[in-house]
Amino acid sequence: MAIEIITKDDLEAFRQTLLNDIRALLANNKTETKEWLRCADVRKMLKVSTGTVQNLRITGKLKSQKIGGIHFYNLTDIQNMLSGKLIK
């Protein structure tokens, strides 16, 4: 059984490599955006209540897809609504 000695320089190099890997992973996650949002995400984005999101859906100003009892909203539809391009 061979014994290897680890120095402080070895540990510092490992630390730097590990930190760089973590930063790269975090940078990749920031660029990901969801295409479909739940009601809670829409509420935070628009800064409105649940009832307002429901009224937007009922009046047809904001389309949704219902999957398993949960309404999902397309991010592009929300951005179009905010920019004044209402979908009819």
Side-chain angles (χ1 to χ4, degrees):
M1 175 159 96
I3 297 177
E4 291 186 37
I5 298 176
I6 299 175
T7 64
K8 287 183 181 182
D9 292 335
D10 294 336
L11 289 175
E12 181 61 28
F14 174 72
R15 185 180 76 85
Q16 287 299 327
T17 304
L18 186 61
L19 285 174
N20 289 336
D21 291 345
I22 291 172
R23 285 185 187 122
L25 287 172
L26 291 176
N28 289 340
N29 286 342
K30 289 180 184 176
T31 58
E32 262 184 47
T33 57
K34 296 180 184 178
E35 184 178 347
W36 292 94
L37 306 172
R38 298 178 99 174
C39 181
D41 300 325
V42 175
R43 283 188 302 122
K44 289 177 186 174
M45 187 177 189
L46 300 178
K47 298 178 183 167
V48 296
S49 68
T50 305
T52 302
V53 175
Q54 182 179 0
N55 286 335
L56 289 171
R57 185 182 71 243
I58 291 170
T59 59
K61 293 180 182 175
L62 188 58
K63 293 182 181 178
S64 71
Q65 295 291 322
K66 190 172 183 180
I67 301 173
I70 300 172
H71 288 275
F72 289 93
Y73 303 88
N74 192 327
L75 179 61
T76 307
D77 291 345
I78 296 168
Q79 291 170 340
N80 288 339
M81 187 188 72
L82 288 174
S83 67
K85 299 175 188 175
L86 294 177
I87 301 170
K88 297 189 180 200

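All figures in this text were calculated on a predicted structure; none of them were measured in a lab.
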Run the side-chain contact (heavy atoms from CB on, under 4.5 Å) check on Q65 and H71 step by step: do they pass?
CA-CA 6 Å; Q65 295 291 322; H71 288 275; over 6 Å; no
Please report, to 0.1 Å, the donor-acceptor pairs under 3.5 Å made by any side chain of residues 37-48, with sequence neighbours excluded.
unit_1 : atom_1 : unit_2 : atom_2 : d
D41    : OD2    : R38    : N      : 3.4
R43    : NE     : T50    : OG1    : 3.3

Do N74 and W36 come close enough that some side-chain heavy atom pair is under 4.5 Å?
yes
To the nearest 0.5 Å, tell me how far L11 CG sits from K8 NZ.
9.5 Å
Could you pull out all donor-acceptor pairs under 3.5 Å where a side-chain atom in residues 17-25 meets a protein atom, sequence neighbours excluded?
unit_1 : atom_1 : unit_2 : atom_2 : d
T17    : OG1    : A13    : O      : 2.9
N20    : ND2    : Q16    : O      : 3.2

Please determine whether residues L82 and V53 belong to a single hydrophobic cluster, defined as Ile, Leu, Val, Met, Phe, Trp and Tyr linked transitively by side-chain heavy-atom distances below 4.5 Å.
yes
Rounded to the nearest 0.5 Å, what separation is found between the CG atom of L62 and the CG atom of N80?
10.5 Å
Would you give the length of the straight line joining atom CZ of R57 to atom NZ of K66, rounded to the nearest 0.5 angstrom?
7.5 Å
Should the heavy atoms of other residues, nucleotides or ligands under 6.0 Å from CD1 of I6 be counted, would the total exceed 12?
no
Rounded distance [0.5 Å steps], CD1 in I58 versus OG in S64:
10.0 Å
Nearest 0.5 Å, what's the CD-OG1 distance between Q54 and T59?
10.5 Å
Are D10 and T7 close enough that a side-chain donor and a side-chain acceptor fall under 3.5 Å?
yes
Taking atom CG of L56 and atom NZ of K63, what is their separation to the nearest 0.5 Å?
14.0 Å
